[in-house]
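Here the structure is laid out as structure tokens; the discussion comes afterwards.
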Amino acid sequence: MQRYDNYINGQWQAAASFAPNINPSDTSDVIGEYAQADAEQMKQAIAAAKAAFKTWSRSGAQQRHDVLDAIGNEILARKEEIGTLLAREEGKTLAEGIGETVRAGQIFKFFAGEALRTGGEWLPSVRPGVEVEIIREPLGVIGLITPWNFPIAIPAWKIAPALCYGNAVIFKPAELTPGCAWVLAEIISRTALPPGAFNLVMGPGSVVGQLMTQSPAVTAISFTGSVSTGRSILQATAERGAKVQLEMGGKNPLVVLDDADLDVAVNCAINGSYYSTGQRCTASSRIIVTDGIHDRFVAAMQARLATLKIGQALDKSTDIGPVVDQRQLEQNQRYIDQCLQEGGTLAFGGESIRCETPGFFMQPALFVDTTPEMTINREEVFGPVATVIRVKDYDEALAVANATEMGLAAGICTTSLKHATHFKRHAEAGMVMVNLPTAGVDYHVPFGGRKASSYGSREQGRYAQEFYTTVKTSYQSA
Ligand code: ADP
């Protein structure tokens, strides 16, 4: 079995222990053994990053551009291979895996361009004979903690801006998907970055992740993951005054109004709720449907769900791959059982299924007769499970859409300009989609949410610089 090491201070380093990376479509397929860092290795990475920051923070725009552009080009050139690894270790379909890989490459290329475009401001002072200059400077050592559901795109959208603006990076990927993280690190290791400017530290979040969030030498933490881990990171970083950015869960509504185009609405709901096995923080999990279209919509959803093929991620005919692991499958099942107990009706699926290989397969589930108060409509399931909430009109739909602690994405399907425009303005979410699935975003514009979904400034696009830089105002006597 091939072993994959951590990358610290420009060197590949084995660890005292290694963990297997298991294919959720076929648990007999072990992709490799991945190093599990201990606290000592994390300390080494932090020290190396701190030293490298002195050099990388002074690097020129062309050098930063060239490093990021080279990473982006290689990811794009190897999209089939990396996309296949992604689908194999995470369980999304091959097409989705390749699509995500392309997106990661595009993100690096976008920030390669940003390295050349980052400027400041010059203003006349209010005092005669004085000039004012406002520039952005890198922060220092940035700890990046990522989840398993986008094993290359989320690392890309944190690593690329961190390096673009001159920071040193320690990247702690999710335990379940170290494969793409390692490939990305290997690509980065061959660029002209100074040793220590980028470090890959694979290992348990509760050990190495926690140490990183507590270390005074780590200036900032960017995290994507669960609400509970995000909150504990917020506490640890608040105590020592570190900068932090958190992207956590969603409980995203998709509103379907009477005047919606039925095909558009069904396409949005199927894609948003079930693609990538529903394991997206922007997935539509609450489908809020007005009376006049409710029965037609549910019937059309049942018909479409029946056509979806659940199977191995690498099988080209698969529409929905497996759930990521046993723990997540059990969590999905618990939410389904609880919804049934609380009075929901299963209109489709919900059961575990067997395929030719041992894996974590389940039929996507659609509930009807649910109310906003039910547990399933308040907590994130993070699986191919969606509910229909029946409402009488647009006003009630909007109120239900906003009746959640979360605020990542919100969608509406309607042919009414009035309702679409009103929804864009009044949905309490960081991202709003009209006649589009709630999941699926561009790489050059801000990503993030409100309320309990997010904390700190936005990721992606030019807005990323808000987190990865600090502002300096200089005054000079002319
Ligand atoms: P999920 O339940 O989706 O795996 P988590 O929030 O547990 O979400 O994990 C997201 C990331 O946070 C992973 O890389 C994980 O290793 C890391 N992590 C888990 N616990 C901690 C912690 N206490 N401190 C820092 N990082 C952590």
Side-chain angles (χ1 to χ4, degrees), residues 6 15 17 19 21-22 24 34-39 41-43 45-46 89-92 141-159 169-182 184-185 199-215 218 220-240 242 244-251 276-283 285 323-332 334-335 360 379-383 406 408 452-456 459:
N6 281 319
S17 66
N21 182 3
I22 291 165
Y34 289 78
Q36 296 292 289
D38 54 15
Q41 274 195 328
M42 179 50 92
K43 283 183 193 153
I46 294 170
E89 74 171 342
E90 198 269 349
K92 64 181 66 172
V141 176
I142 310 211
L144 307 178
I145 302 175
T146 58
W148 48 261
N149 65 330
F150 284 91
I152 195 157
I154 294 179
W157 83 50
K158 295 185 192 294
I159 294 168
V169 167
I170 301 167
F171 168 35
K172 209 303 280 171
E175 290 91 324
L176 287 177
T177 53
C180 288
W182 191 90
L184 184 54
N199 304 276
L200 170 72
V201 184
M202 299 176 284
S206 54
V207 180
V208 286
Q210 196 160 344
L211 184 64
M212 187 155 87
T213 60
Q214 290 166 344
S215 168
V218 178
I221 297 280
S222 178
F223 164 86
T224 303
S226 62
V227 174
S228 61
T229 306
R231 291 206 173 133
S232 75
I233 290 176
L234 185 57
Q235 267 180 348
T237 47
E239 232 162 52
R240 63 185 185 85
V244 64
Q245 174 182 61
L246 309 171
E247 287 300 343
M248 300 168 285
K251 195 68 215 167
S276 296
T277 322
Q279 298 174 149
R280 298 187 281 192
C281 46
T282 48
S285 54
V323 170
V324 74
D325 70 354
Q326 183 66 31
R327 198 184 64 136
Q328 186 64 50
L329 189 64
E330 285 167 9
Q331 176 170 315
N332 298 349
R334 270 199 306 278
Y335 276 111
F360 310 113
E379 297 177 11
E380 188 177 43
V381 179
F382 219 64
M406 302 297 190
L408 188 57
S453 288
S454 304
Y455 182 90
E459 301 200 77

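These numbers were taken from a predicted model, which means no experiment stands behind them. Just follow the structure's listing: the first ligand is 1, and inside any ligand the first atom is 1. Numbering of residues begins at 1 and proceeds along the displayed sequence. Worth knowing before you read on, the calculation uses all heavy atoms, side chains too, and leaves out hydrogens, waters and symmetry mates.
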Problem set entry | Within-cutoff protein neighbour (heavy atom, under 4.0 Å) for atom 9 (O) of ligand 1 |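 Under 4.0 Å from atom 9 (O) of ligand 1, zero protein heavy atoms found.
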Could you check [atom] against the protein and tell me its nearest heavy-atom contact, residue, atom and distance included?
atom	result
atom 15 (C) of ligand 1	Glu175 OE1, 3.5 Å
atom 25 (C) of ligand 1	Gly209 C, 3.3 Å
atom 17 (C) of ligand 1	Ile145 CG2, 3.5 Å

Exercise. So which bit of Arg327 gets within less than 4.0 Å of ligand 1, heavy atoms only: side chain, backbone, both or neither?
Worked result: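 Side chain only.
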Problem set entry | Side chain, backbone, both or neither: the part of Phe223 lying under 4.0 Å from ligand 1 by heavy atom |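 Side chain only.
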Please confirm whether [X] comes within less than 3.5 Å of ligand 1 when only nitrogen or oxygen atoms on both sides are compared.
X	answer
Thr229	yes
Thr146	yes
Thr213	no

Exercise. Which residues pass the side chain to side chain donor-acceptor pair (under 3.5 Å) test with Ser285, sequence neighbours left out?
Worked result: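 Testing Ser285 for side chain to side chain donor-acceptor pair (under 3.5 Å), a comparison that skips the adjacent residues, returns Lys251.
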Exercise. Numbering the atoms of ligand 1 from 1, which are under 4.0 Å from a heavy atom of Ala174?
Worked result: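 So the answer, numbered in order with elements, is 14 (O).
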Problem set entry | ring-ring contact (aromatic ring centres under 6.0 Å, His included) partners of Tyr34, counting only residues at least two apart |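 With sequence neighbours excluded, Tyr34 shows a ring-ring contact (aromatic ring centres under 6.0 Å, His included) to Tyr4, given in chain and number order.
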Problem set entry | Pro173 touching ligand 1 at heavy-atom level, < 4.0 angstrom |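 In this structure, Pro173 qualifies as a contact of ligand 1 - some heavy atom is under 4.0 Å.
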